[in-house]
Amino acid sequence: MSDVSIYRADFPVLRETMNGRPLSYLDTASSAQKPSIVLESMRDIIEHYYANVHRGLYHFSQVSTRSFENVRGKVADFIGGQEREIVFTRNTTESINLVAQAYGRTFLKAEDEIILSEMEHHANIVPWQILRDQIGIVIKTIPVTDDGMLEVSALNHLLTDRTRFVSLTHISNALGTINPVKDIVTRVKSHRDDIMVLIDGSQAVVHARVDVADIGCDFYVFTGHKLYGPTGVGVLWGRYDVLESMPPYQGGGDMIDSVSFNRTTYKSAPYKFEAGTPAIIQVIGLGAAIDYLRVIGMEDVSAHEMKLYQYAMDGLSSVQGLTFHGSAPHKAAIISFNASWAHRSDIAMILDKSGVAVRTGHHCCMPLMSRLGVDGTVRVSIGLYTNTQDIDECIKGIKKAKDMLS
Ligand SMILES: Cc1ncc(COP(=O)(O)O)c(C=O)c1O
């Protein structure tokens with residue numbers, strides 16, 4: 001990766017101040033800042049050729065439709081899938097709800113078992129609990145070790161004749177643990193190859209190159225706003241035959257072939273899952289974000305983030321009284337900790353006054369927090385624009401908090 005200042009210049013918000021201090025944005029795992037190219041791509045369509053997609057015969061609608069549909073190809077290339085396997089949703093949350101309802105409600109029945117893990121984001125827990133309440137499936141969980149890793153050997157007893165679905169995160173948003181998803185898929189499929197596997201890639205597509213074909217899963221989901229794209233757009237990748245076997249999730253315009261009061265027929269996947277006017281502008285913004293990342297190269301993004309992660313760990317380890325949560329050997333650039341000398345919210349408030357944005361709380365992972373015996377953590381997360389000054393400011397702020405609070 002070239003000098004990080006070149007990339008920082010692409011992100012207008014990084015020139016802003018927060019509480020009168022230069023912004024040190026260390027909350028990228030929650031939502032990433034947006035480069036100018038993403039903003040310009042969205043402004044461009046609005047100013048020059050905006051029209052609804054898939055509907056008009058006029059020139060602007062044709063251009064909008066082409067720009068929108070091109071992104072399907074970009075996303076497919078980015079994760080190693082096929083264009084017809086990319087469904088645009090609102091976010092990861094909607095992608096998982098879509099699978100739980102359209103696949104789960106159709107193909108699972110009472111007493112069928114699904115396996116999640118203790119480190120899932122609520123987005124990969126609650127949709128399955130709703131399904132459990134609707135049809136009586138049984139939810140089992142892969143435990144997490146004290147180091148914040150999946151206890152993969154538990155699959156030996158968790159996988160049974162009744163297992164129908166496994167849904168796991170690729171990278172933990174709270175701890176940064178990178179899960180061995182390819183090995184897990186191999187293990188699950190060798191138990192029975194009709195067990196479906198969904199991987200929540202919300203934190204993974206942003207940190208490294210992902211190849212869904214290599215992983216061997218059936219569904220892969222992620223959200224646009226963490227990938228330096230806009231909010232309001234997410235992706236569900238599904239194996240085409242599986243998507244085709246599923247009924248629509250929502251009904252409305254654009255997802256039908258024909259409608260009468262007696263009978264309605266639907267388009268093929270992916271269109272049958274995209275009812276109503278889609279997030280046209282945001283999808284085009286997501287395409288620009290993917291173009292941007294491809295120019296930099298995910299390998300370079302990853303190398304830069306890991307360098308900064310090591311720099312941050314070296315600095316934070318020098319602060320007395322911090323307990324780090326999650327020490328897996330394979331980790332993304334996410335650091336979670338608590339301090340013996342103050343509550344995390346007080347630390348975050350002092351950091352805020354110093355212009356440093358970090359996340360505190362349960363990170364939408366309440367079951368993981370209870371497994372770790374805490375009710376939340378301070379989380380520092382690193383993105384492609386993070387520099388050593390951001391980390392220095394953060395460590396300085398934490399030391400100041402220690403002086404004031406201990
Ligand atoms: C691992 C993981 N899964 C799911 C989500 C939910 O993403 P969204 O709120 O965009 O649907 C997040 C966001 O924090 C996440 O980190």
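Counting starts at 1 for both ligands and their atoms, in listed order. Only this structure's heavy atoms are used, side chains among them; waters, hydrogens and symmetry mates stay out.
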Ion pair check, K400 and D403, cut-off under 4.0 Å: no
For atom 7 (O) of ligand 1, grab the closest protein heavy atom and report residue, atom and distance to one decimal in Å. T92 CB, 3.8 Å
For atom 16 (O) of ligand 1, what is the nearest protein heavy atom, given as residue, atom name and distance? Q203 NE2, 2.8 Å
Specify side chain, backbone, both or neither for D200, according to which of its non-hydrogen atoms lie closer than 4.0 Å to ligand 1. side chain
Judged by non-hydrogen atoms, does E94 sit under 4.0 Å from ligand 1? no
Ligand-residue contact atoms, ligand 1 with K226, heavy atoms, under 4.0 Å: 12 (C), 13 (C), 14 (O), 15 (C), 16 (O)
If you take the centroid of each ring, where Trp contributes its six-membered ring, are Y228 and Y385 closer together than 6.0 Å? yes
Apply side-chain contact (heavy atoms from CB on, under 4.5 Å) to residues H54 and Y271 and explain how you reach the verdict. CA-CA 10 Å; H54 302 150; Y271 303 104; 4.2 Å; yes
Do M306 and H207 have side-chain heavy atoms sitting under 4.5 Å apart? no
Under 4.0 Å from a heavy atom of T223: which atoms of ligand 1 are those, numbered in the order shown and with their elements? 8 (P), 10 (O)
Testing K267, K272, R239 for salt bridge (charged side-chain N to carboxylate O under 4.0 Å, His left out) with E244, which one passes? K272
I'd like to check which ligand 1 atoms, numbered from 1 as shown, lie under 4.0 Å from a non-hydrogen atom of T169. 1 (C)
Shortest protein contact, atom 15 (C) of ligand 1 (heavy atom only): H121 CD2, 3.4 Å
Measure from NZ or CZ of R84 to the centre of the six-membered ring of Y240 and say whether it is under 6.0 Å with the direction within 45° of the ring axis. yes
R72/E83 salt bridge by N-O under 4.0 Å criterion: no
Atom 11 (O) of ligand 1 has as its nearest protein heavy atom T93 OG1, 2.5 Å
Would you say S30 has any N or O atom under 3.5 Å from an N or O of ligand 1, going by distance alone? no
